[in-house]
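In what follows, a single structure is set out as structure tokens and then discussed.
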Amino acid sequence: MIKFVSTINKEKFKEFVHSHYKNHIFQSHEWGELKAKTGWDSHYVGLEKNNKLVAAAVILLRPIPVVNKKIAYASRGYVIDYKDTKHVQLFTEEIKKYLKNQEVFMLRLDPDILYRERDLDGNLVENGKNNISFIEQMKELGYIHRGKELNYGGFQPRFTFRLDITSDIDEVFQQFHRQTKYKIRYAERRGIEIMEGKREDLVLFQQLSDITAERAHFSMRPISYFKTMYNVFEASKQMKLYFAKLNFKTAMRYIDEQLKKIEAEFVSIDKKMILEADLEKLEKWKSTIQQLKQKRYKLQDEQQLIFQLEHENPNGVILSAAIFMKHGNKAWYLYGGSNNILRNFMPNYLLQWHMIQEAKSLGCEIYDFFGMSGDTSPSNPLYGIYKFKRGFHPQFTEFVGDFDLVLSPVHYQIFTKALSIRKFCRSHFLQTRRHVNQFVHLMHSISQKWTKKEINAEQL
């Protein structure tokens, strides 16, 4: 006998979701608790067979003023065996009845199911895996498929990178792109160290997040949200806060070593040039000298900056931060932020590598980089995110996208039209803001150039 349940024991729900192969942090009991503290109404529903759960879902409800009804959302879909069509059909029917009594006009879900297999560059794999039949299955059950977003248009990103970490951790590292491996080692040599933060360090995390948001032209959640998240998830050891910190002594030692190497190269080249009669080779040596001088100038500038930073921050300076989440057999890099200074020290690469190692040590099988654009062209403003994550050689993952279960067609039509207008206005606003920022940056550059010319003129 299978029955629908709307009041599930907390521990029973957590045990089922945590151990299910379709588990997801966004379907955890804790995620429902977080959302309940940040404006949503959380409902924990499921199907029971012989008093054992066979399906479950955190369904979030929120009032929508435009239609004077509630919207429901099941983030990353139901925790259910989607191959069992009878259970999916029954769960859908029961949820529909349940939500109608809650004054809900629509339910949206974005299942954690692969749509089509793609290679590392985002190209479709010929004869690759696909779940096109799943979309048809959901349509037959009354769902409307809306999953066509390439960028970040939905409630959750439709594309992500997922790294398989079931093999030995050294083997995982060896699969990274050679440049990524180099940058991880380079960060260590440069003095980058990873430290775990505490709740009070969320203030610093927020500062770095705001810097990143301003640099990349997007908005970030307020610190109150992250504090609530920490309170909910840290208690069950599912959340960690990590920082990439610069060790001044190691950084200065590295620079000193590099400067000594450059000076040694100058001496070596001078000796060779004295004995060299070939003019072509002499020109090459002169070119090498110019390159070495530029490298020396750069290192000296960094040396001066580090002296200044050490004076202002005797306990070290934080260059980047990340929120690490773990649930079931999966881990996520959910939020991050980085400083504008010393980004060439590659702190984010070492930070990711540390979290991948942490996920492995906790028994995870998948490390999710969480979110990117499906448009991998270099002209895409989000290309940098894709390129960074790609270097870790993960699986390019395209989800099936959003599905809507309509309970009130009239209200749904009003809502979708209002959403389209909002999306159009937001898109044009962001485009305008981007153009304004570019213009301000251009004017600033011109101003600096003219100021420099005036200073030079005065010196003459």
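One is the number of the first residue; the rest follow in order along the sequence. This structure is a prediction, so every number in the text was calculated from the model and none was measured.
Asn131 places a side-chain N or O within donor-acceptor distance of the main-chain N or O of Leu114, the cut-off being under 3.5 Å. A donor-acceptor pair under 3.5 Å is formed between the side chain of Lys330 and the backbone N or O of Asn23. In terms of modelled atom types and a separation under 3.5 Å, the side chain of Asp201 and the main chain of Lys198 share a donor-acceptor contact.
Note on ring orientation: taking the six-membered ring where Trp is involved, the planes of Phe392 and Phe388 are perpendicular (angle over 60°, cut-offs 30° and 60°). Under the 30°/60° scheme for interplanar angles, the aromatic rings of Trp353 and Phe173 are found to be tilted. Relative ring orientation between Phe105 and His411 is described as tilted, the plane-to-plane angle lying within the 30° to 60° band. The aromatic rings of Tyr143 and Phe403 sit perpendicular, their planes meeting at an angle over 60°, well past the 30° parallel limit. Between Tyr82 and Phe134, the two ring planes are perpendicular [angle over 60°; tilted spans 30° to 60°]. Ring geometry, Tyr44 versus His29: the interplanar angle falls under 30°, so the pair is classed parallel (tilted spans 30 to 60°).
If you check the side chains of Arg199 and Asn231, you find a donor sitting under 3.5 Å from an acceptor. Side-chain contact check for Gln102 and Asp41: no donor-acceptor pair (N or O, by modelled atom type) lies under 3.5 Å. Side chains of Tyr335 and Arg221: a donor on one and an acceptor on the other come within 3.5 Å. Between the side chains of Tyr386 and Asp375, no donor-acceptor pair of N or O atoms lies under 3.5 Å.
Both the sub-6.0 Å distance and the 45° axial angle are not jointly satisfied by Arg76 relative to the ring of Phe26.
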Passes ring pair (Phe, Tyr, Trp, His ring centres under 6.0 Å), Phe91 versus His87? Steps please.
-> CA-CA 6 Å; Phe91 202 28; His87 280 179; 9.4 Å; no

Could you walk me through whether Asp210 and Gln206 pass the side-chain hydrogen bond (donor to acceptor under 3.5 Å, both in side chains) check?
-> CA-CA 6 Å; Asp210 288 343; Gln206 183 69 38; 3.0 Å; yes

Please walk me through it: do His327 and Trp332 pass side chain to side chain contact (heavy atoms under 4.5 Å, CB included)?
-> CA-CA 9 Å; His327 187 262; Trp332 288 263; 3.9 Å; yes

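Here the CD1 atom belonging to Ile80 is positioned 9.0 Å from the OH atom belonging to Tyr21, to the nearest 0.5 angstrom.
Two rings, from Phe399 and Phe159, have their centers 6.0 Å or more apart. Between His20 and Phe16, the ring center distance clears the sub-6.0 Å criterion.
When the options Arg162, Lys129, Arg118 are evaluated for a salt bridge (charged side-chain N to carboxylate O under 4.0 Å, His left out) with Glu398, the one that passes is Arg118.
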